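For reference, the structure is listed below as structure tokens.
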Amino acid sequence: MSHALYFHIPFCVHRCAYCDFNTYAGQDALIPAYVDALVREIELVGQSRPLTAKTIFFGGGTPSLLTVAQFEKIFTTIRANFSLAPNAEISLEANPGTLTRDYVQGLHDVGFNRISMGVQSTHPDELRMLERIHTYSDVVDAALAARKAGFENLSFDLIYALPEQTLARWQATVKLILGLKPEHLSLYALTLEHGTPFGRWAQQGLLPIPNPDLAADMYEWASDFLEENGFQQYEISNWAKKIPKNLTGLKDLSGFDAYECQHNLQYWRNLPYLGFGAGAHGYATGTRYSNVLRIQTYIDRLSKTSAKANFPLSPAAVSKHLVEREEAMQEHMMMGLRLTHEGVDAQIFKKRFGADLIDVFRNEIDELMKFGLLEWVENETSEVSKTSEALRLTKKARLLGNQVFSRFVG
Ligand code: SF4
């Protein structure tokens, strides 16, 4: 079975006040040793089991702080230790403030075919409040440079429900960003995470808490507006453009006809992925695992000459959990129901778990259908059968996803 490969790059120029990711500012001096440790981890895991990788995703942090030469070193090691599927999706998460013209060309030449930029807003005051290092004009420059370099798959992340943000300001951001003709958009509501400066300020009453009704209006407006503009929503927070008919090579990649993020689809379909780097998570051979968080400890663990991998774990792994059948079925529902178009395919569920979805979760499904939160649909994308049915969220349930998912978790 093909795997997705995730690489965590935990370096940032500045730590944004709302961010709770495993990332560190002011540690750039460790980047060369970190790249060497990543290379070692790839070799150890890749050599412990021969596998095909269908997607590669560099996330962070700010992966675009690595040089092209450092990516080249990592890619050479990946190719030497994994088979790469033809047309594999190879994505980079990038901060638009770090993307110069030469650098973007280098990224394309080294093998990346998709860039996902953390844009968040097009308004200078909102970007300042989020403590982002880029401006909207950096985004425009980066997008133009990426197109010129040959990138045909660009994604932008935006954040809505910012403190004091009005619906009109959010609409202006979405409309402006569509002018850059992205293939993919991810829209996230601001969450005030515990342990972040934003979380603390909100608790102390120093930051106005976003109004949930207004946040819902922003989400619904964006959902309708993007659909009117040729995007298809495929996940609670993700929209993709249809692939033009002449780009058949890309169509073969997924069996779908839109620019869905193939890497993230692997997570939502509950399929295996390997995580590399400090704080990376993975799921393979029924085991969920995570690596040590701190950069220096990660480097130290990989630099020991006696280091060995016990697939899927590398010496950097600090936690592992064997997912039993019942828990796996619950997780499958929780993740699959995030797929707003595809949903959870009944035939795939049966093939994987040897049981009917409706028998395993009859009470939950009946109850949620009574409230109009779930629906059965024909699944045109099923890999198993053309006539398969899928269970998915109704449109009104998209804002209530967490309540629905929690019904499936014991
Ligand atoms: S750039 Fe992204 S990963 Fe880095 S601190 Fe800001 S939000 Fe977090």
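Nothing here was measured: the structure is a model prediction, and the numbers come from that model. Counting starts at 1 for both ligands and their atoms, following the listed order.
In summary, of the residues considered (Arg114, Gln266, His263, Gln262), a side-chain hydrogen bond (donor to acceptor under 3.5 Å, both in side chains) with Thr55 occurs for His263 alone.
Among all protein heavy atoms, the one lying closest to atom 3 (S) of ligand 1 is Gly61 N, 3.4 Å. The single protein non-hydrogen atom nearest to atom 8 (Fe) of ligand 1 is Cys19 SG, 2.3 Å, given as residue, atom name and distance. Regarding atom 6 (Fe) of ligand 1, its nearest protein heavy-atom neighbour is Cys16 SG, 2.4 Å. Of the protein's non-hydrogen atoms, Arg132 NH1, 3.6 Å is the one closest to atom 2 (Fe) of ligand 1.
Of all the heavy atoms in Gly118 and Pro96, the pair that sits closest is O-CD, 3.4 Å.
Near Cys12, the atoms of ligand 1 lying under 4.0 angstrom from a non-hydrogen atom of the residue are 1 (S), 3 (S), 4 (Fe), 5 (S). Within ligand 1, the atoms closer than 4.0 Å to a non-hydrogen atom of Tyr18 are 7 (S), numbered from 1 in the order shown.
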Practice item. Check step by step if salt bridge (charged side-chain N to carboxylate O under 4.0 Å, His left out) holds for Arg40 and Glu43. Key: CA-CA 5 Å; Arg40 184 82 185 114; Glu43 287 169 350; 3.6 Å; yes

Exercise for review: Tell me, with the steps shown, if Arg132 and Asp138 meet salt bridge (charged side-chain N to carboxylate O under 4.0 Å, His left out).
Suggested key: CA-CA 12 Å; Arg132 302 292 306 197; Asp138 291 332; over 6 Å; no

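A tilted orientation is assigned to the rings of Phe198 and Tyr18, their planes being inclined by 30° to 60°.
No salt bridge links Arg392 with Glu342; every basic N to acidic carboxylate O contact stays at or beyond 4.0 Å.
Only the backbone of His14 comes within contact range of ligand 1, with a heavy atom under 4.0 Å; no side-chain atom does.
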